[in-house]
Amino acid sequence: MRIGVLGTGNMADALATQWARAGHQVTIGARDSHKAQRLATRIGGSTTPASLRAAAEFGEVVLAALPFGAGAVVVGELRAALGDRVLLDCSNPVGPGFRLLTEGGPSAAQQLAAAAPGAHVVKAFNLCHEDVWRMRPPVFEGRPLAVPVCGDNEAALAQVRELVRDVGCEPVAGGGLERAGLLEATAALFIALWVGQGADAQAIAPPLAYAAGPSGQ
């Protein structure tokens with residue numbers, strides 16, 4: 001698969017490295033050509049540096065590894081190049097005090113979809129720290145990490161599910177793109193628990209067998 005990456009930060013590094021190892025063709029796009037070159041060199045293999053527009057034009061799937069706020073601006077500038085591409089959003093609109101910055105409005109993913117209406121936006125990979133995505137694979141107590149995926153286009157979802165598996169995780173159907181805001185709100189809650197309180201976010205949910213109550217046993 002051809003993957004274009006918009007950005008050179010930690011999420012771009014972690015995910016692009018995994019996908020390059022899995023045999024995908026990766027192009028790193030950035031405004032700063034030196035940053036794109038450094039990351040492409042670090043990932044190695046056939047990974048190449050490029051401009052943001054060239055990366056968008058290259059990818060069948062384009063990862064928007066961009067901060068919330070900047071993402072919609074960059075995607076809007078590239079809207080023509082992103083037509084009919086799968087646009088994968090891993091951002092979290094979380095601000096000071098672990099506040100959800102979308103404040104009941106359109107989710108970050110929906111804002112990208114509005115900025116590039118020809119693209120097929122999919123939300124995934126937003127619930128974990130970038131170092132989790134560097135693990136080979138992310139398996140905990142013998143269980144692969146599950147990755148919720150939200151989107152409206154089945155072909156786009158199938159491609160993203162493949163990329164989830166290539167990181168060593170299991171994709172989980174999260175519903176349509178209108179549910180992406182729930183993933184972003186979940187990230188805000190989890191970050192507040194993990195970082196703000198040092199709490200185990202996994203402990204807030206019972207095992208699946210008890211999800212409907214003890215009577216289900």
Side-chain angles (χ1 to χ4, degrees), residues 1-67 70-71 73-92 109 112 115-116 118-139 144-147 149 151 153-171:
M1 193 184 302
R2 296 190 314 276
I3 302 172
V5 177
L6 308 180
T8 58
N10 290 329
M11 286 294 288
D13 186 349
L15 291 171
T17 297
Q18 293 278 32
W19 293 331
R21 285 173 178 158
H24 299 289
Q25 297 174 270
V26 177
T27 291
I28 304 296
R31 296 194 194 277
D32 185 327
S33 61
H34 297 292
K35 289 183 177 180
Q37 180 66 66
R38 281 199 299 270
L39 180 53
T41 300
R42 184 159 65 248
I43 293 171
S46 62
T47 306
T48 56
S51 66
L52 288 168
R53 183 168 299 278
E57 291 171 343
F58 172 82
E60 300 167 72
V61 174
V62 178
L63 172 68
L66 300 163
V73 174
V74 172
V75 165
E77 294 171 351
L78 301 175
R79 61 191 300 167
L82 290 167
D84 208 34
R85 299 294 200 275
V86 179
L87 183 58
L88 177 54
D89 175 35
C90 63
S91 69
N92 277 320
L112 295 192
H120 305 298
V121 177
V122 177
K123 187 81 182 188
F125 296 108
N126 73 304
L127 292 182
C128 294
H129 189 275
E130 61 266 11
D131 285 343
V132 173
W133 307 123
R134 299 182 200 278
M135 295 175 65
R136 302 177 63 187
V139 173
L145 184 69
V147 178
V149 178
N153 182 278
E154 182 50 44
L157 289 168
Q159 287 180 287
V160 173
R161 287 194 293 265
E162 178 182 343
L163 294 178
V164 169
R165 294 188 183 101
D166 286 338
V167 176
C169 301
E170 290 295 327

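Only this structure's heavy atoms are used, side chains among them; waters, hydrogens and symmetry mates stay out.
For E130, the side-chain hydrogen bond (donor to acceptor under 3.5 Å, both in side chains) criterion is met by N10, not counting sequence neighbours. Judged as a side-chain contact (heavy atoms from CB on, under 4.5 Å), and not counting sequence neighbours, the contacts of V73 are E77. Take R134 and apply the side-chain hydrogen bond (donor to acceptor under 3.5 Å, both in side chains) test, not counting sequence neighbours, and it matches D131. Residues forming a side-chain hydrogen bond (donor to acceptor under 3.5 Å, both in side chains) with T41 (at least two apart in sequence, or on another chain): Q37. For D32, there are no salt bridge (Lys or Arg N to Asp or Glu O under 4.0 Å) partners two or more places apart in sequence or in a different chain. For P138, the side-chain contact (heavy atoms from CB on, under 4.5 Å) test picks out V132, M135, F140, L145, V167, C169, with sequence neighbours left out. Among residues two or more places apart in sequence or in another chain, the side-chain hydrogen bond (donor to acceptor under 3.5 Å, both in side chains) test is passed with T27 by T48. Looking at residues two or more places apart in sequence or on another chain, you find a side-chain contact (heavy atoms from CB on, under 4.5 Å) between A109 and D89, S107, V121, K123, L177, A180, E184. Judged as a salt bridge (Lys or Arg N to Asp or Glu O under 4.0 Å), and not counting sequence neighbours, the contacts of R2 are E60. For A12, the side-chain contact (heavy atoms from CB on, under 4.5 Å) criterion is met by V5, L39, A65, not counting sequence neighbours.
The line from CD of Q25 to CZ of F58 is 4.5 Å long, rounded to the nearest 0.5 Å. The OG1 atom of T47 lies 6.0 Å from the CD1 atom of I28; values are rounded to the nearest 0.5 Å. The CZ atom of R85 lies 10.5 Å from the NE2 atom of H120; values are rounded to the nearest 0.5 Å. Here L112 contributes atom CG and L6 contributes atom CG; the two are 9.5 Å apart, rounded to the nearest 0.5 Å. The CG atom of L88 sits 5.0 Å away from the CG atom of L63 when rounded to the nearest 0.5 Å.
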Candidate pair W133 and M11, rule side chain to side chain contact (heavy atoms under 4.5 Å, CB included), full reasoning: CA-CA 8 Å; W133 307 123; M11 286 294 288; 3.5 Å; yes
- request: May I have the step-by-step check of side chain to side chain contact (heavy atoms under 4.5 Å, CB included) for L52 and R31, ending in yes or no?
  value: CA-CA 6 Å; L52 288 168; R31 296 194 194 277; 3.4 Å; yes
field: Check against side chain to side chain contact (heavy atoms under 4.5 Å, CB included), I3 and L15
entry: CA-CA 11 Å; I3 302 172; L15 291 171; over 6 Å; no
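In terms of heavy atoms, A55 sits closest to A50 at N-CB, 4.2 Å. Listed here is the closest heavy atom pair of P144 and V139: CA-CG2, 4.0 Å. The shortest non-hydrogen separation linking L87 to A64 is CD1-CB, 4.1 Å. Closest approach of E170 and V164 over heavy atoms only: C-CG1, 3.8 Å.
Here the side chains of M1 and D166 are not in contact, with every heavy-atom distance at 4.5 Å or above.
The backbone N or O of N126 lies less than 3.5 Å from a partner atom in the side chain of N92, making a donor-acceptor pair.
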Determine all donor-acceptor pairs shorter than 3.5 Å in which one atom belongs to a side chain in residues 155-162; sequence neighbours excluded.
from : atom 1 : to   : atom 2 : distance (Å)
R161 : NH2    : E154 : OE2    : 2.5

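Pairs passing the salt bridge (charged side-chain N to carboxylate O under 4.0 Å, His left out) check and including a residue from residues 34-57, sequence neighbours excluded, read D13-R42.
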